[in-house]
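Chain naming here is simple, since letters A, B, ... match the order of the sequence lines and numbering starts at 1 in each. Remember, predicted model here, so these are calculated numbers, not experimental data. Below, each value reflects all heavy atoms present in this structure, side chains not excepted, and no hydrogens, waters or symmetry copies.
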2 protein chains.
Amino acid sequence: MKKEEVKNWFETLQDNICNELEKADGKAKFHEDIWTREDGGGGRSRVLTDGNVIEKGGVMFSAVSGDLPEKIQKALKLPSCTFFATGVSIVIHPKNPMVPIIHMNVRYFETSTGNNWFGGGIDLTPHYIDQDDAKYFHQKLKETCDKHNDNYYPDFKKWADNYFFIPHRNETRGIGGIFFDRLTENEKFTINDRFNFVKDIGSLFAPIYTYFMDKNKDLAFTKQEKEWQLLRRSRYVEFNLVYDAGTKFGLETNGRIESILVSMPPLAKWEYDFKPEKESKEEKTLNLLKKDIDWLTS
Amino acid sequence: MKKEEVKNWFETLQDNICNELEKADGKAKFHEDIWTREDGGGGRSRVLTDGNVIEKGGVMFSAVSGDLPEKIQKALKLPSCTFFATGVSIVIHPKNPMVPIIHMNVRYFETSTGNNWFGGGIDLTPHYIDQDDAKYFHQKLKETCDKHNDNYYPDFKKWADNYFFIPHRNETRGIGGIFFDRLTENEKFTINDRFNFVKDIGSLFAPIYTYFMDKNKDLAFTKQEKEWQLLRRSRYVEFNLVYDAGTKFGLETNGRIESILVSMPPLAKWEYDFKPEKESKEEKTLNLLKKDIDWLTS
């Protein structure tokens with residue numbers, strides 16, 4: 001497996017996902033920005049705004065290379081070397097609060113010192129948690145993981161619970177999903193096995209999200225439910241700016257700021273000490289923003 | 001000077017500022033939450049929302065004590081000890097985009113190992129920079145600083161430029177102001193001199209901000225100018241969540257989360273790759289979000 005193969009596959013994934021999302025949205029088209037990185041490589045940022053279903057969505061591809069920045073050397077405990085990194089990153093904020101926010105990232109990293117690995121994740125942040133939708137989402141992830149290894153789903157689901165967590169709120173970001181990093185070659189898996197797994201995860205994005213778009217886009221919602229969506233989006237902001245490793249990495253290494261912060265919601269609201277009414281749908285959702293929920297049987 | 005004296009003075013400062021802001025707002029009243037800290041001390045959080053002039057404003061007092069958390073020991077290079085910390089913290093988000101956002105903090109810190117110091121700052125974030133307003137603001141700060149020491153204004157103004165800066169945007173948060181920390185007793189100043197300076201800064205808040213409230217609250221604004229306000233507020237969010245030391249400190253030490261994040265705007269907007277029109281008021285404001293501007297003569 002050559003890095004060009006991964007890069008090309010990710011580029012095509014971006015194309016396919018954008019096509020599927022445009023079809024499902026039925027109105028707006030992605031706007032593309034091609035950018036280059038001073039120290040090597042670049043990317044294709046694609047953003048869709050004001051669609052029928054999507055209020056703001058970014059599907060970003062990048063392939064960058066050069067000397068490994070010192071900060072990352074330290075973080076990854078690597079010597080001075082050159083690197084190549086490519087990936088696709090997605091965050092979609094829908095208009096209708098009954099459609100969930102979704103995030104996916106798949107990435108490949110290699111260094112001149114011979115290290116290479118895949119990482120990624122996909123997680124769902126419903127403004128209102130519907131247990132059937134949650135089960136559907138986790139079922140699809142499990143099916144795909146199980147094709148590759150029985151430990152993938154339980155391990156990566158747990159990893160997602162711990163990663164997509166907001167300590168200062170003591171809340172998970174949403175219903176989790178899977179998260180994995182540094183999947184490299186070992187006695188059990190070739191690097192191609194890892195690539196095949198990442199391909200399957202990447203390919204799962206469009207069918208999963210267009211399913212939720214189609215199913216929920218026309219559900220009625222009240223003004224109060226729209227307000228709740230804006231409050232939930234502010235938690236998304238808090239997670240991404242305070243904890244998200246990808247965002248931090250981007251900000252600290254002088255990444256293309258508009259591509260990094262495309263994950264920010266179009267509009268978000270902070271209300272001092274907001275408490276949902278007892279037994280309300282909002283309170284029920286809050287009570288489900290916990291780690292270690294088994295969505296498959298719940 | 002005893003710590004109770006500082007604490008009492010800060011408590012009264014909170015009372016006075018809340019009274020002055022309520023008078024200038026003319027409609028809404030502060031809502032008070034009294035809270036206690038598990039490990040010692042507590043605070044009085046006061047929040048005003050949906051006023052005539054103020055959309056959301058927090059004037060927070062706290063006085064906490066106990067064992068110095070390990071993280072802070074390390075950050076401050078102090079041994080294991082007990083501490084006492086008291087302060088007043090303010091952020092006001094106005095309705096009218098022609099009224100600036102303001103922030104002030106004054107604080108006192110002491111340890112059982114005999115360290116003690118004052119810190120604080122005040123900075124203004126106009127959505128549209130008016131050079132006369134900026135001059136007025138810095139002139140008032142300079143006058144107050146000059147009563148205590150000729151170096152205070154130039155030193156603390158520079159400190160504010162460096163502190164209230166958003167590296168990933170290469171923008172200052174606003175027009176700066178003053179920032180200072182660890183003002184302790186030395187050959188030049190007694191701790192009482194430092195306290196007197198902090199008192200003067202604290203006392204300056206209400207007259208300065210009510211001046212801007214009164215002067216600008218009835219200025220007309222367009223829908224587009226309101227949108228710009230929401231975009232500027234998202235920069236405020238980025239600064240506070242990514243860089244602000246007080247916010248980080250609060251999040252990392254398990255502070256009262258609603259009091260810490262009361263600085264978040266009521267509503268904020270992120271627009272992908274927004275660029276203001278050439279020669280517009282928005283572009284002119286962006287061009288003034290730089291360090292080292294001499295507002296007194298500009």
Side-chain angles (χ1 to χ4, degrees), chain A residues 30-33 35 45-50 55-60 91 93 166-171 226-227 230-231 233-244 247-275, chain B residues 30-33 35 45-50 55-60 91 93 166-171 226-227 230-231 233-244 247-275:
Chain A
F30 278 94
H31 162 90
E32 180 178 86
D33 282 317
W35 53 273
S45 294
R46 292 196 186 149
V47 180
L48 182 153
T49 46
D50 276 323
E55 193 171 322
K56 181 183 176 189
V59 180
M60 324 308 268
V91 172
H93 291 281
I166 311 175
H168 65 264
R169 299 288 188 180
N170 197 25
E171 282 173 17
K226 186 72 194 172
E227 291 281 296
L230 301 186
L231 291 172
R233 284 177 176 176
S234 69
R235 294 289 211 270
Y236 214 84
V237 171
E238 290 178 20
F239 176 81
N240 281 22
L241 293 183
V242 181
Y243 303 107
D244 183 59
T247 305
K248 271 175 188 264
F249 179 92
L251 296 182
E252 287 176 3
T253 57
N254 240 324
R256 182 176 183 260
I257 197 67
E258 290 299 332
S259 302
I260 298 164
L261 294 184
V262 75
S263 63
M264 295 292 106
L267 201 64
K269 189 172 173 167
W270 278 267
E271 197 171 314
Y272 172 73
D273 209 19
F274 178 86
K275 290 195 179 78
Chain B
F30 278 93
H31 163 89
E32 181 178 86
D33 283 317
W35 53 274
S45 294
R46 293 195 186 150
V47 180
L48 183 154
T49 45
D50 276 323
E55 194 171 322
K56 180 182 177 189
V59 180
M60 325 308 267
V91 172
H93 291 282
I166 310 173
H168 65 263
R169 299 289 188 179
N170 196 26
E171 282 173 17
K226 186 73 193 172
E227 291 281 295
L230 301 186
L231 291 172
R233 284 177 176 175
S234 69
R235 294 289 211 269
Y236 214 83
V237 171
E238 291 178 20
F239 176 81
N240 281 22
L241 292 183
V242 181
Y243 304 107
D244 184 59
T247 306
K248 272 174 188 266
F249 180 92
L251 296 182
E252 287 175 3
T253 57
N254 242 324
R256 180 174 184 262
I257 198 67
E258 289 300 331
S259 301
I260 299 164
L261 294 185
V262 74
S263 63
M264 296 290 108
L267 200 65
K269 190 174 173 164
W270 278 267
E271 196 171 316
Y272 172 74
D273 208 19
F274 177 85
K275 288 194 180 76

Given a strict heavy-atom distance threshold of 4.5 Å, which part of [X] is in contact with chain B: side chain, backbone, both, or neither?
{"X": "A/Arg169", "result": "side chain"}
{"X": "A/Glu252", "result": "neither"}
{"X": "A/Leu230", "result": "side chain"}

Notebook entry, point to check: Quick one: are A/Ser45 and B/Tyr272 in side-chain contact, heavy atoms under 4.5 Å?
Noted result: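 A/Ser45 vs B/Tyr272: side chains touch.
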Margin query: Can you tell me which of A/Glu238, A/Lys248, A/Glu271 forms the most heavy-atom pairs within a distance under 4.5 Å of chain B?
Written below: A/Glu238
Check: Which one, A/Leu261, A/Val262, A/Thr49, leads in non-hydrogen pairs under 4.5 Å with chain B?
Finding: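 Looking at each option in turn, the highest pair count goes to A/Leu261.
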Checklist line | Nearest non-hydrogen partners of B/Pro265 and A/Trp270, listed with the distance | finding: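 It is O-CB, 3.4 Å.
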Item checked: N/O donor-acceptor pair under 3.5 Å between B/Glu258 side chain and A/Asp273 backbone ->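 A pair under 3.5 Å: yes.
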Next item on the list: Go through the structure and list residues passing ring-ring contact (aromatic ring centres under 6.0 Å, His included) with B/Tyr243, not counting sequence neighbours.
Entry: B/His168
Checklist line | Residue B/Ile257 versus chain A: region with a heavy atom under 4.5 Å | finding: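 Looking at B/Ile257, just its side chain touches chain A.
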Item checked: From CA spacing to verdict: side-chain contact (heavy atoms from CB on, under 4.5 Å), A/Met264, B/Val237 -> CA-CA 11 Å; A/Met264 295 292 106; B/Val237 171; over 6 Å; no
